[in-house]
Protein chains: 2
Amino acid sequence: MNTRTLCLGILFFEDMTGYEINKLAAEGRFNHFIETSYGAIYPTLNKLTEEGLVSLRQEANDGKPTRKIYALTETGRDTLFSALQEEPKADIFKSEFLFICLYSHYLNSGYVNTVLNKQLTRLNEGLNRLGSAFEKCEHKGSKFAIGYGVALHRAAINYINSHRHLLDDENEALHDNAAEAAE
Amino acid sequence: MNTRTLCLGILFFEDMTGYEINKLAAEGRFNHFIETSYGAIYPTLNKLTEEGLVSLRQEANDGKPTRKIYALTETGRDTLFSALQEEPKADIFKSEFLFICLYSHYLNSGYVNTVLNKQLTRLNEGLNRLGSAFEKCEHKGSKFAIGYGVALHRAAINYINSHRHLLDDENEALHDNAAEAAE
DNA sequence: GTTCACATGTAACAGGTTACATGATTGG
DNA sequence: CCAATCATGTAACCTGTTACATGTGAAC
């Protein structure tokens, strides 16, 4: 997903400032499947304005920089919908966590435990965020997307809890004994 | 995950050519949480060789370009393990599929169905690939990582099957009627 | 006979990240 | 008083993608 389509897509739902778009994408109800940053959003919004895909109104904001509120134009809406009809690329999942797990047996087991716990913490935080977003949200498409995130988060948490012993050297010994006993 | 660490990490398990590293990362048992490409791997391997983190032996290969087989050096192993002990970044998940779902009610329902089916097909293919990788694999760390992928794939498939009606306009009508009846 | 797998690599380009720069207000 | 939130933006940099370039042998 490029930043262009992302901006158009979010503005489809509501007029917003760049700051708010970033917040929604980075912390809001879309954060589990979108990546972005200010450095990408602000220049994109300027380009989009030049091209007439979004329009801009400004609101004074004492002390703080003027709020620049963007709205999708008709051309913008058309561009969004033709982008939406292009063959979606396959989902991308990248996990340094899993990469580390690959080497768990060559790493200090205390460290591995820390990594596992940290991952669980992150997943639980994500789950909570999604849960409250789900309750606040009325829009079906968004509910579907949030629910998808919830399902994946739960699956990951359950998996880690029920399989973390595989990465544990002490249980490995027990495991081996059990395997021997079974033979 | 940068390509550097990826190459070191894969070479930790086995000596390999760049071609094979790419295959493993793109189609093999690591493909569900790693992204890469030839254009990234070949230059990285050259740099790594210069820096002495990997060593290189060449094997003639009639007609085809000489096979360049890389192996991790001691320095390389050290570098890998210190990278492994840096705080892992949060997992990244990007989904154009979910982005499209957000707009399902403004899109042609036949198209939405096609997108859903395509996503299911991809997930099922991924699941099969992971399943056969799991059977072939003896290494516990890898099994954990593959199992994680299996769990997430299954969760996604189940979720889509049980919630796709939310994106369906015809069921929406039914749904609305039910809601009215409840009022 | 054509496509796929093997096998390496380059180069232009796109895209995004990070850090920097600025500054008021609010809450703890 | 310090940190966080609001609010915008730039610029250097890094990283990786895409397409191109080349060529054999096997399978269908």
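In what follows, chains are A, B, ... by sequence order, proteins preceding strands, each numbered from 1.
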| Taking only residues two or more places apart in sequence or in another chain, which ones pass side chain to side chain contact (heavy atoms under 4.5 Å, CB included) with B:Glu96? |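 Partners of B:Glu96 by the side chain to side chain contact (heavy atoms under 4.5 Å, CB included) criterion, ordered by chain and then number, come out as A:Met1, A:Pro88, A:Lys89.
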
| request: If you link ILVMFWY side chains whenever their heavy atoms are less than 4.5 Å apart, which other residues fall into the same cluster as A:Tyr38? By chain and number, please. | output: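 Same cluster as A:Tyr38: A:Tyr19, A:Tyr42.
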
| task | Supply the members, apart from A:Ile69, of the Ile/Leu/Val/Met/Phe/Trp/Tyr cluster built from side-chain contacts under 4.5 Å; use none for a lone residue. | result |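 Joined to A:Ile69, directly or through intermediates: none.
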
In residues 2-10 of chain A, what donor-acceptor pairs under 3.5 Å come from side-chain atoms, sequence neighbours left out?
{"residue": "A:Asn2", "atom": "OD1", "partner": "A:Thr5", "partner atom": "N", "Å": "3.1"}
{"residue": "A:Asn2", "atom": "OD1", "partner": "A:Thr5", "partner atom": "OG1", "Å": "2.6"}
{"residue": "A:Arg4", "atom": "NH1", "partner": "A:Glu51", "partner atom": "OE1", "Å": "3.2"}
{"residue": "A:Arg4", "atom": "NH1", "partner": "A:Glu51", "partner atom": "OE2", "Å": "3.3"}
{"residue": "A:Arg4", "atom": "NH2", "partner": "A:Glu51", "partner atom": "OE1", "Å": "3.0"}

| query | Hey, what's the ring geometry for A:Tyr159 with A:His163, parallel, tilted or perpendicular (30° and 60° as the breaks)? | reply |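 Ring orientation of A:Tyr159 relative to A:His163: parallel.
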
| task | Name the orientation class of the two ring planes belonging to B:Tyr148 and A:Phe93 (parallel below 30°, tilted from 30 to 60°, perpendicular beyond 60°). | result |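 Rings of B:Tyr148 and A:Phe93: parallel, under 30°.
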
| said: Show every salt bridge (charged side-chain N to carboxylate O under 4.0 Å, His left out) that has at least one partner inside residues 100-127 of chain A, sequence neighbours left out. | reply: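 Residue pairs passing salt bridge (charged side-chain N to carboxylate O under 4.0 Å, His left out), neighbours aside: A:Lys118-B:Glu87.
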
| task | Taking only heavy atoms on the protein side, list every residue of residues 9-27 of chain A lying under 4.0 Å from any atom of DNA chain D, sorted numerically. | result |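 Hits under 4.0 Å, by residue number: A:Thr17, A:Gly18, A:Tyr19, A:Lys23.
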
Polar atom pairs (N or O), protein with nucleotides 11-18 of chain C, under 3.5 Å:
{"residue": "C:dG16", "atom": "OP1", "partner": "A:Thr3", "partner atom": "N", "Å": "3.2"}
{"residue": "C:dG16", "atom": "OP1", "partner": "A:Thr3", "partner atom": "OG1", "Å": "3.2"}
{"residue": "C:dG16", "atom": "OP2", "partner": "A:Thr3", "partner atom": "OG1", "Å": "3.2"}
{"residue": "C:dT17", "atom": "OP2", "partner": "A:Ser37", "partner atom": "OG", "Å": "2.7"}

| query | Judged by modelled atom types alone, do A:Asn124 and A:Arg129 share a side-chain donor-acceptor pair under 3.5 Å? | reply |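 Looking only at side-chain atoms, A:Arg129 and A:Asn124 do not form any donor-acceptor pair under 3.5 Å.
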
| field | Span of DNA chain D in contact with chain B (heavy atoms, under 4.0 Å) | value |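 Listing 5' to 3', DNA chain D meets chain B from D:dG16 to D:dG25.
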
| message | So if I take the C1' atoms of five pairs at each end of the helix from C:dG1-D:dC28 to C:dG28-D:dC1 and get each local axis, what angle do the two axes make, rounded to 10 degrees? | response |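 Roughly 60°, once rounded to the nearest ten degrees.
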
| request: Could you tell me which residues satisfy ring-ring contact (aromatic ring centres under 6.0 Å, His included) with B:Phe13, sequence neighbours excluded, listed by chain and number? | output: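 Partners of B:Phe13 under the ring-ring contact (aromatic ring centres under 6.0 Å, His included) test: A:Tyr103, B:His139.
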
| task | Kindly confirm or rule out a cation-pi arrangement of A:Lys94 over B:Phe33, judged by NZ or CZ under 6.0 Å from the six-membered ring centre and within 45° of its axis? | result |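 No - A:Lys94 does not lie over the ring of B:Phe33 by the 6.0 Å and 45° rule.
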
| What is the distance, rounded to the nearest whole Å, between atom CZ of B:Arg67 and atom C1' of C:dC6? |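 Going from CZ in B:Arg67 over to C1' in C:dC6 covers 9 Å.
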
| field | Residue pairs fulfilling ring pair (Phe, Tyr, Trp, His ring centres under 6.0 Å) with at least one residue in residues 107-128 of chain A, sequence neighbours excluded | value |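 Qualifying pairs: none.
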
| query | Which pairs, with at least one residue in residues 56-77 of chain B and sequence neighbours excluded, count as a ring pair (Phe, Tyr, Trp, His ring centres under 6.0 Å)? | reply |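 Qualifying pairs: none.
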
